[in-house]
Visitor: 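One structure follows; several queries about it will come next.
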Amino acid sequence: MVDRRTLQRPKGTRDFLPDVMAVRRHIERAWAAASIRHGYDEIDGPTFEHLDLYTIKSGDGIVSELFSFTRAGGDDKYAMRPEFTPTLARMAAAQGRSLSVPTKWFAMPTLFRAERPQRGRLREHNQWNVDCIGLEGPEADAEVIAVAVTALRLLGLTEADVRVRISHRGAAAAMLSSLGVHDDAMADAFALVDRREKLPPDVFREQAKATGLSDEAVDSLNALGGMRMPATEPPSAIAAALELPESSVAALTALAEALDQRGLLPFCDWDLGIVRGLAYYTGTVWEIHDIAGDERAIAGGGRYDQLVSLFGGPDMPACGFGMGDVVLGLLLQDKGLLCEDMVSLPRPDVFLVSSGSEAAEARLTPLATQLRDGGLHVRHTHKATRNVGKQLREASAHRARNVVILGDELTSGEVVLKSLDSGDQRTVPLGDLLVTLGRGSD
RNA sequence: GCGACCGUAGCUCAGUUGGUUAGAGCACCUGGUUGUGGUCCAGGAUGUCGCGGGUUCGAGUCCCGUCGGUCGCCCCA
């Protein structure tokens, strides 16, 4: 007897039954379409890599959160990929100087992490990655944001549903410096800003002071972290609110221009509370959230100019983002954007019904084959019943567009063609069927 | 790794201070209708009450353990 547990889905994984699979393809179509229309080419890599590839960028701490393994009888350590960026960086670095500028790639990898699942985070998920390598400056940052927003709009989301929260590490550092944060405390300050919303105010203050900041500096840190306003406001307004020179937000001002040219400002907020994993972002950092901020980030990205060189390649600037399917799926579900009209399984063009006569039975499979060879989506019952009513019911359940009834009319070489949407039906010669159906007959 | 809550039919759930034979809706199957679907009506099948132990005359109900799920914390690539 097989152990009961063996037959259960592993923790944090999903079974994609047809209706769920249709949602997955619906999302992937939007991702691919948005990428392609902005000039990005699809890539993929192995689903597992050398374990050490993942410690280059993230350190040894990450190992406990990976699914890792060795080959039976082997010593090499591997890990299921928890993110795509190391693979991408490895691939880019391997091209070296021959990498064209810019290199614009996207991928839709399945990723794995050995954590306890919770809302919006599973052990196995699909994540869209978009990266632009070789371009400096705000144009590339704005472009990848445009790719992300395009996909969300294709899925039916608007600026009333989602917001792109944008910050810039250089600008934030300049501002913190002006506010009295010393360079050697900068990393701690960023970490505090990142956690600010999760911490009670008094705990935040206590931890901030522990890094050696004055009361005034803590106030400034708090003010900076809480600074959020629509991107339709100029970044200079942030500087003014914090009593800082306009030059400190120069990077955001340049980005604003690039976003405006793409019509993105209505989707965006300036939000200096956005930090994102301290490790490797070097400039613009941004996240996309549902407007209420109830869910985890839908997407996160930014600029990481050291990435390619970190993985042994030439010095090349780069920016990009990742967007997971789990949080996005939850949001689409909540917004009613996954109803049958928008996401549906392919509809059969025709459902063949046999009345059960000898002639009809003999004709059924050859006709199905002929229509399928003609490119049509054809189904028929696999049950024993030849009750026409039952077969029509099954055709409806499969959401077939048309039914063809093989019955007494066969004696004159004809069949009944019925539209299940309108209910209309007529008699047509067998020989005309493919042409009639192929025209998208109703 | 830590914490909270939840496990009853395929699905969503009800089940009274512990009490006899565990229920409903949806879905499914059959018939009304042997050549016309979606609606309707009638009927039918369906359970290791997650699993193991304990308390009790008696446990779906209480206790302990365990497995699973959900949601947080840590972490977040």
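A, B, ... follow the sequence lines: proteins, then strands. Residue 1 opens every chain.
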Visitor: Taking only side-chain nitrogens and oxygens of Arg296(A), does any of them come within less than 4.0 Å of OP1 or OP2 of A77(B)?
Guide: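 No.
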
Visitor: Hey, what do you get for CG (Leu433(A)) to CG (Leu371(A)), rounding to the nearest 0.5 Å?
Guide: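 Leu433(A) atom CG to Leu371(A) atom CG measures 5.5 Å (nearest 0.5 Å).
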
Visitor: Would you say the side-chain atoms of Thr282(A) pair up with the backbone N or O of Asp305(A), donor to acceptor, closer than 3.5 Å?
Guide: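 Yes.
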
Visitor: Could you grab the distance from atom CZ of Arg379(A) to atom NE2 of His398(A), nearest 0.5 Å is fine?
Guide: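 Between Arg379(A) CZ and His398(A) NE2, I get 6.0 Å after rounding to 0.5 Å.
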
Visitor: Do any N or O atoms from the side chain of Arg165(A) and from the backbone of Ile274(A) form a donor-acceptor pair under 3.5 angstrom?
Guide: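 Side chain of Arg165(A) to backbone of Ile274(A), a donor-acceptor pair under 3.5 Å: no, none is there.
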
Visitor: When the C1' atoms of U66(B) and C6(B) are considered, how many whole Å apart are they?
Guide: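 The same atom, C1', in both gives a distance of 16 Å.
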
Visitor: Are the side chain of Arg24(A) and the backbone N or O of Val20(A) linked by a donor-acceptor pair below 3.5 Å?
Guide: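 No, Arg24(A) side chain to Val20(A) backbone: no donor-acceptor pair under 3.5 Å.
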
Visitor: Could you pick out which residue, Leu66(A) or Leu392(A), lies toward the 5' side of RNA chain B when each is mapped onto its nearest nucleotide?
Guide: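 First, find each residue's nearest nucleotide; the 5'-ward one identifies Leu392(A).
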
Visitor: Should the side chain of Ser396(A) and the base of G38(B) be counted as holding a donor-acceptor pair, with the cut-off at 3.5 Å?
Guide: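 No such pair is found, so the answer is no.
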
Visitor: For G58(B) and U20(B), measure between their C1' atoms and round to the nearest Å.
Guide: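 These two C1' atoms come out 10 Å apart once rounded.
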
Visitor: C1' atom, A9(B) versus G50(B): distance in rounded Å?
Guide: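 Nearest-Å result for A9(B) against G50(B) at atom C1': 14 Å.
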
Visitor: Determine the contact category for Gly423(A): base if any of its heavy atoms lies under 4.0 Å from a base atom, sugar-phosphate if only primed atoms, P, OP1 or OP2 are that close, otherwise nothing.
Guide: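 Base contact.
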
Visitor: Rounding to the closest angstrom, what is the interatomic distance between G53(B) and C29(B) at atom P?
Guide: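 Result for the P pair: 39 Å, nearest Å.
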
Visitor: For Phe321(A) and A77(B), give me the distance from atom CZ to atom P, rounded to whole Å.
Guide: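 After rounding, the gap between these two atoms is 15 Å.
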
Visitor: Rounded to whole angstrom units, what separation is found between the CZ atom of Arg119(A) and the C1' atom of G69(B)?
Guide: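 Those two atoms, CZ and C1', are 15 Å apart.
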
Visitor: From the options U36(B), C2(B), A77(B), select the nucleotide whose nearest atom is closest to the side chain of Lys418(A).
Guide: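 Among U36(B), C2(B), A77(B), the one nearest the side chain of Lys418(A) is U36(B).
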
Visitor: Nearest whole angstrom, please: distance from the C1' of A77(B) to the CD of Gln306(A).
Guide: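 Between C1' of A77(B) and CD of Gln306(A): 17 Å.
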
Visitor: Please state how far atom CZ in Arg116(A) lies from atom C1' in C71(B), giving the value in whole angstrom units.
Guide: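 It works out to 10 Å between those atoms.
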
Visitor: May I ask you to say what Glu115(A) touches in the nucleic acid, namely base, sugar-phosphate or nothing, with a heavy-atom cut-off under 4.0 Å?
Guide: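 Base contact.
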
Visitor: Classify the nucleic acid contact of Lys11(A) as base, sugar-phosphate or nothing, counting any heavy atom under 4.0 Å across all strands shown.
Guide: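 If one applies the 4.0 Å heavy-atom cut-off, Lys11(A) turns out to touch the sugar-phosphate alone, with no base involved.
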
Visitor: Which one is paired to G43(B), where only Watson-Crick or G-U wobble pairs with both distances under 3.5 angstrom count?
Guide: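 Result: C29(B).
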
Visitor: Whole Å only: how far is the CG atom of Leu122(A) from the C1' atom of G69(B)?
Guide: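 The distance from CG of Leu122(A) to C1' of G69(B) comes to 13 Å, rounded to the nearest Å.
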
Visitor: Indicate whether OP1 or OP2 belonging to C71(B) is found under 4.0 Å from a side-chain N or O atom of Gln118(A).
Guide: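 Checking C71(B) against Gln118(A), no side-chain N or O comes under 4.0 Å of OP1 or OP2.
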
Visitor: Any chance you could measure Thr385(A), atom OG1, to Gln391(A), atom CD, to the nearest 0.5 Å?
Guide: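 The CD atom of Gln391(A) is 6.5 Å from OG1 of Thr385(A), to the nearest 0.5 Å.
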
Visitor: What is the distance from atom CG of Leu66(A) to atom CD of Glu115(A), rounded to the nearest 0.5 Å?
Guide: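 Leu66(A) atom CG to Glu115(A) atom CD measures 9.5 Å (nearest 0.5 Å).
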
Visitor: What is the distance from CZ of Arg9(A) to P of C67(B), rounded to the nearest Å?
Guide: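 Going from CZ in Arg9(A) over to P in C67(B) covers 18 Å.
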
Visitor: Using whole Å, report how far CZ of Arg123(A) lies from C1' of U70(B).
Guide: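 In whole Å, U70(B) C1' and Arg123(A) CZ are 14 Å from each other.
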
Visitor: Paired with G35(B) by Watson-Crick or G-U wobble geometry, both distances under 3.5 Å: which nucleotide is it?
Guide: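 Across any shown strand, G35(B) pairs with none.
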
Visitor: Which nucleotides of nucleotides 25-35 of chain B have their base under 4.0 Å from a protein heavy atom (B), which only their sugar-phosphate (S), and which neither (-), written as one string 5' to 3'?
Guide: ----S-S---B

Visitor: Roughly how far apart, to the nearest Å, are G25(B) and A14(B) at atom P?
Guide: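 Per the computed distance, 16 Å lies between those P atoms.
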
Visitor: Using atom C1' of each nucleotide, how far apart are C67(B) and C40(B) to the nearest Å?
Guide: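 It works out to 45 Å between them.
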
Visitor: Could you check whether Arg196(A) pairs with Asp271(A) (Lys NZ or Arg NE/NH1/NH2 to Asp/Glu carboxylate O, under 4.0 Å)?
Guide: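 Not counted as a salt bridge, because no side-chain N and carboxylate O are separated by less than 4.0 Å.
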
Visitor: Tell whether Arg121(A) reaches the base of C76(B) with its side chain through a donor-acceptor pair below 3.5 angstrom.
Guide: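 Side chain to base: pair present.
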
Visitor: Write down the distance separating the P atoms in U61(B) and C49(B), rounded off to the nearest Å.
Guide: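 So the two P atoms sit 10 Å from each other.
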
